Amino acid sequence: MSAEVTQASSLRRLGRSGLLTTPVGIGGSPLGGMEGLYGHDTSHEDGVATAVRALTGPFTLLDTSNAYGNGRSEQRIGEAIRNLGGVPDGYLVATKVDADPTSGAFDRDRVLRSFEESTERLGLDHIDLLHLHDPEGHISVDEALGRNGAIEGLIELRDAGLAGSIGIAGGAAAEITRYVETDHFDVLLTHNRWTLVDRTANELLDRARALNMGVINAAPFGGGVLARRPRPGDRYAYGLGTAEQVNAAERIATFLGTVGIPIAAAALQFSVRESRIDTTLIGASNPGRIDEAQRLLDVKIPDEVWVELDELTPARTHWIND
Ligand SMILES: NC(=O)c1ccc[n+]([C@@H]2O[C@H](COP(=O)([O-])OP(=O)(O)OC[C@H]3O[C@@H](n4cnc5c(N)ncnc54)[C@H](OP(=O)(O)O)[C@@H]3O)[C@@H](O)[C@H]2O)c1
């Protein structure tokens with residue numbers, strides 16, 4: 001089986017992992033029904049249909065985690081994979097190991113159990129790209145690196161050939177930089193920190209590039225605020241961001257309206273055009289979003305619009321800065 005459009009010319013290498021992917025990938029967080037983050041639930045049917053479209057559409061990366069929707073994201077993606085008779089050739093499915101939801105444990109043994117749970121739900125025995133997910137808040141970098149620590153578990157899975165490559169996926173930029181500098185990881189996944197209204201990840205991107213890691217930038221829409229004109233009550237980055245970032249999104253949407261460019265097109269292309277980023281992950285909870293993303297990539301954005309967008313970026317004090 002092959003994906004509908006696999007334009008070799010548009011494939012990018014994820015740094016030293018050697019994995020190839022399209023410049024955009026689909027994030028499986030909203031399709032798992034995470035109302036607290038996105039302001040709406042996603043039905044099982046919509047979640048499975050979104051995963052089917054992600055696996056057969058124009059992009060070749062689908063990202064999920066053990067924890068999204070308490071396992072629902074992986075279950076729905078697993079159902080989609082079974083419905084299709086397998087993962088399309090050349091397609092990458094990435095997931096992440098998470099802390100134990102009950103005990104909070106996040107050591108080697110938990111990493112191995114988390115991997116087993118994920119492969120069972122997805123119906124796969126090998127994961128192309130396996131990330132350590134959001135260690136911040138659960139364990140220190142020293143604990144992760146220590147004997148019987150989480151990193152030992154990930155390396156064991158890679159050495160056994162059960163995980164193709166391993167990555168570090170998380171928010172807190174300073175702490176994630178320390179993981180990058182261990183040089184154990186093939187890929188970095190950062191989120192919400194390189195967008196039209198935030199540049200917190202600037203130094204992190206430099207460090208990852210210097211180590212020839214693959215770089216994935218997730219959430220170019222800041223969880224949805226930069227995908228359409230902001231609405232009252234909107235929060236940037238699930239509430240991690242500042243009120244000024246939402247105000248800036250409003251100003252940006254107004255400016256782009258005067259030149260006939262959808263804010264979602266500028267938000268997506270802002271990440272895709274950055275040379276230090278290999279691929280950009282967008283979340284979707286209905287199949288139409290995936291074809292829409294292809295159309296957003298096709299919108300022409302003149303140089304002078306990028307200059308104006310730079311000027312509309314909030315000052316550094318208003319970024320997430322963490
Ligand atoms: N720590 C981590 O590892 C981490 C953190 C964050 C994200 N990620 C990964 O990156 C992926 C992307 O992040 P994200 O999903 O949180 O954020 P995102 O891509 O910035 O935003 C997703 C939201 O934008 C909405 N949206 C997309 N296009 C739209 C449009 N044209 N008009 C209106 N709304 C639109 C979607 O709405 P609908 O729901 O209506 O489709 C969805 O709720 C995640 O799914 C996950 O796989 C990883």
Side-chain angles (χ1 to χ4, degrees), residues 24-43 46-47 49-51 53-54 59 61-69 73-74 76-77 92-99 129-138 167-173 175-176 179 187-198 201 216-231 234-241 245 249 253 262-268 270-272 279-297 299 320:
V24 170
I26 302 303
S29 168
L31 74 80
M34 296 180 69
E35 193 166 2
L37 293 190
Y38 302 101
H40 66 83
D41 196 5
T42 303
S43 69
D46 283 350
T50 304
R53 188 61 193 141
F59 308 118
L61 168 65
L62 178 56
D63 173 85
T64 182
S65 89
N66 182 298
Y68 291 161
S73 173
E74 288 182 334
R76 292 169 182 181
I77 292 169
L92 292 182
V93 175
T95 191
K96 315 188 189 77
V97 293
D98 278 277
L129 175 57
L130 184 69
H131 298 279
L132 179 66
H133 192 202
D134 291 349
E136 64 268 31
H138 293 285
I168 174 68
E175 192 168 332
I176 297 301
Y179 281 96
V187 173
L188 161 73
L189 186 161
T190 178
H191 66 89
N192 287 292
R193 288 158 176 81
W194 188 262
T195 69
L196 289 177
V197 298
D198 201 300
I216 300 176
N217 187 39
F221 303 133
V225 179
L226 298 170
R228 45 159 176 78
R229 180 171 285 281
R231 301 176 189 136
D234 265 350
R235 302 171 310 161
Y236 178 70
Y238 339 112
L240 293 170
Q245 290 180 305
I263 186 171
L268 180 56
F270 174 77
S271 177
V272 170
T279 189
T280 298
L281 279 180
I282 56 167
S285 61
N286 66 76
R289 289 271 184 253
I290 294 159
D291 298 290
E292 188 184 357
Q294 182 60 65
R295 291 194 293 276
L296 295 175
L297 288 173
V299 172
I320 295 177

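In what follows, residues are counted from 1 in the order of the sequence shown. What you see is a predicted model, and the numbers here were worked out from it, not measured in a lab. Counting convention: from 1, in listed order, for ligands and their atoms alike.
From the protein, the heavy atom lying nearest to atom 31 (N) of ligand 1 is Glu292 OE2, 2.6 Å. Nearest protein heavy-atom neighbour of atom 11 (C) of ligand 1: Gly27 CA, 3.6 Å. Nearest protein heavy-atom neighbour of atom 4 (C) of ligand 1: Tyr68 OH, 3.6 Å. From the protein, the heavy atom lying nearest to atom 28 (N) of ligand 1 is Arg289 CD, 3.4 Å.
Every N/O-N/O distance between Arg228 and ligand 1 stays at or above 3.5 Å. The shortest N or O to N or O distance between Pro30 and ligand 1 is not below 3.5 Å. Polar contact check, Gly283 against ligand 1: a nitrogen or oxygen pair lies under 3.5 Å apart.
Aromatic ring centres of Tyr179 and His131 lie farther apart than the 6.0 Å criterion allows.
At a heavy-atom distance under 4.0 Å, only side-chain atoms of Tyr38, from C-beta outward, approach ligand 1.
Using a 3.5 Å distance cut-off with no hydrogens or angles, the side chains of Tyr238 and Asn192 do pair a donor with an acceptor. Asn66 and Glu74 share no donor-acceptor pair across their side chains, judged by distance under 3.5 Å alone. Using modelled atom types and a 3.5 Å distance limit, the side chains of Ser285 and Thr50 yield no donor-acceptor pair.
Across the listed options Gly222, Gly223, Ala293, Ala219, Gly223 owns the non-hydrogen atom lying nearest to atom 21 (O) of ligand 1. Comparing Asp63, Leu189, Leu281, Ile216 against atom 12 (C) of ligand 1, the shortest heavy-atom distance belongs to Leu281.
Residues Val197 and Ala249 come closest through the heavy atom pair CG1-N, 4.2 Å.
Leu296 has its side chain out of reach of Arg289: every pair of non-hydrogen atoms, C-beta onward, lies at least 4.5 Å apart.
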